[in-house]
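Any value given below was found using the heavy atoms of this structure, including those in side chains, with hydrogens, waters and symmetry copies removed. Here the structure is a predicted model, which means the values were calculated and not measured.
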Amino acid sequence: MSQEQNPTPQEEQVNNGFQEHIRGVFSSQEIRKVGTGTTTRRAVVKTFWFAEEDSNGQLYIQSINSNYIPTGNKKYISKNELIEKFSPEPEYYIQTVYPNMRKLNDTIDRADTARNKGETFSAEYEYDNALAIDVDNVRANFGIGLTYLSRGETDKAQNIFSRLVQLDGAFAEEHKHLFNDFGINLRKNKMFNESLEYYLRAMKLSKHDENLYINIARVYLEIKDIPHVLEFIGKALAVAPQSEIALKFQAWLVARKLVTDEQCRAAKNAAEAELASDVGTTATEGELGPDELRGENQRAESSPS
């Protein structure tokens, strides 16, 4: 995995809080009651936030934890809201937050390198260090989860899964490769219930992605739930009628007499009717299946059966 190329603080620094690409620390203030009884008083509480525009030009903020790291799910706001409700803190970003962000990324880069080399215990050590700084870091959670799954430690992987499935950021486009690997490895370790929960959680954020529907169908095939396999292949073809993978998956089902052509048409028609009533959402690419259709280097196993 290639390492992130981090710009210098000077390249990132927000000029008076606002520039073409916003990235930096801002603060908000609110008045809170402090103390109890006769000692109650009002105090101004200052909270720091990391703000950045993503690749789509949308602006989000994240809270900054006690280790001076942006953490947690992203909250999207408008630039006008940032201007009206927040104050820029460029010195705090450059002197405190930015160095800690760099240190955290370096730790995760070392962990990723060790994992890719098969040095799983070194990887676990570095991921643990990263998670001690930011327990909700998506890369570190995926990384240590993949490390546990590669060693067959499903109990430990279950704990990581429970954390990841609650993080919106785990299903973001920037993490699609890790998302894909994690889904495959959940299934390889026969964690079918977890795999389904994982993909169905992603579907809430990405309803019109044919690859995600194929992933779900693939898991249902593993547990021999053919009606649901048919349903999700129908959804995939409703979204992408020319999808080679979905068409081959469907043909595989028909050839093995698991479904009929008539059932396939009915499933697609039902999915198209559902699609017509839905509002489109941004797709999140996932694992491609069924597994016999692609080689392992393309993120899939060798056979759907």
Side-chain angles (χ1 to χ4, degrees), residues 1-9 11-12 14 20-25 49-65 69-77 79 82 93 97-98 100-116 123 126-127 130-131 133-147 149 160-161 163-186 198-212 215 280-288 298-299:
M1 178 179 293
S2 60
Q3 296 184 357
E4 279 188 31
Q5 296 299 316
N6 294 303
T8 65
E11 291 172 329
E12 293 179 325
V14 179
E20 185 175 350
H21 178 81
I22 296 174
R23 179 183 171 97
V25 171
W49 306 85
F50 176 75
E52 184 176 25
E53 285 181 274
D54 64 18
S55 58
N56 296 318
Q58 294 182 295
L59 179 65
Y60 69 84
I61 58 173
Q62 284 179 293
S63 61
I64 293 176
N65 67 16
I69 294 293
T71 189
N73 287 331
K74 298 172 181 177
K75 178 184 177 183
Y76 285 87
I77 64 172
K79 289 184 180 180
L82 186 68
Y93 173 57
V97 175
Y98 178 83
N100 282 281
M101 291 174 66
R102 283 294 301 268
K103 187 181 297 184
L104 176 61
N105 281 331
D106 289 345
T107 301
I108 299 173
D109 285 342
R110 288 195 301 271
D112 287 345
T113 298
R115 179 172 59 82
N116 290 332
E126 296 291 0
Y127 286 130
L131 291 169
I133 297 171
D134 178 13
V135 71
D136 289 331
N137 185 276
V138 172
R139 280 181 63 203
N141 274 289
F142 269 129
I144 199 166
L146 287 166
T147 300
L149 288 170
I160 300 301
F161 160 80
R163 186 184 302 161
L164 274 171
V165 81
Q166 299 301 319
L167 297 175
D168 289 347
F171 306 100
E173 180 71 13
E174 65 189 288
H175 299 301
K176 64 181 181 180
H177 178 71
L178 291 169
F179 169 92
N180 184 59
D181 282 352
F182 196 71
I184 291 173
N185 279 277
L186 283 173
Y198 178 72
Y199 283 132
L200 292 173
R201 168 76 171 87
M203 194 177 72
K204 292 180 180 178
L205 303 175
S206 178
K207 290 185 177 179
H208 294 169
D209 176 13
E210 73 274 15
N211 292 322
L212 185 53
N215 298 342
T281 56
T282 303
T284 301
E285 183 181 351
E287 172 194 350
L288 303 178
Q298 293 176 296
R299 326 300 333 155

For this session: State whether the number of non-hydrogen atoms from other residues, nucleotides or ligands found under 6.0 Å of K103 atom NZ is greater than 12.
Result: no
For this session: Identify, with sequence neighbours excluded, every residue that meets side chain to side chain donor-acceptor pair (under 3.5 Å) alongside T71.
Result: D134
Problem set entry | For E210, all residues meeting salt bridge (charged side-chain N to carboxylate O under 4.0 Å, His left out), sequence neighbours excluded | none
Exercise. Listed by chain and number, what are the ring pair (Phe, Tyr, Trp, His ring centres under 6.0 Å) partners of Y198, not counting sequence neighbours?
Worked result: F171, F179, F182
For this session: Please name the pair of heavy atoms, one in L164 and one in A170, separated by the smallest distance, quoted to 0.1 Å.
Result: O-CB, 3.7 Å
Problem set entry | Contacts of type side-chain contact (heavy atoms from CB on, under 4.5 Å), residue D54, not counting sequence neighbours | N56, Q58, Y60, Y76
Problem set entry | D168: partners by side chain to side chain donor-acceptor pair (under 3.5 Å), with sequence neighbours left out | R201
For this session: Grab the two heavy atoms, one from I133 and one from I69, that are nearest each other, plus how far apart they are.
Result: CG2-CG1, 3.5 Å
Problem set entry | Heavy-atom side-chain proximity of T113 to E126 below 4.5 angstrom | no
Seminar exercise, completed: What one should report as the nearest heavy-atom pair of N185 and L146 is ND2-CD2, 3.6 Å
Exercise. Do you know the tightest heavy-atom contact between L59 and A51?
Worked result: CD1-CB, 4.4 Å
Seminar exercise, completed: Sequence neighbours excluded, the answer for side-chain contact (heavy atoms from CB on, under 4.5 Å) partners of K75 is I61, I77
Exercise. Is K79 salt-bridged to E53, cutoff N-O under 4.0 Å?
Worked result: yes
Exercise. Do you know which two heavy atoms are closest between G145 and I160, and how far apart they sit?
Worked result: CA-CG2, 3.8 Å
Exercise. Would you say M101 and L104 make side-chain contact, with heavy atoms under 4.5 Å?
Worked result: no
Exercise. Which heavy atom of G169 sits nearest a heavy atom of N73, and at what distance?
Worked result: N-OD1, 3.9 Å
For this session: Quick one: sort the Y93 and F50 rings into parallel, tilted or perpendicular, breaks at 30° and 60°.
Result: tilted
Problem set entry | Residues forming a side-chain contact (heavy atoms from CB on, under 4.5 Å) with A140, sequence neighbours excluded | I108, Y127, A130, L131, N137
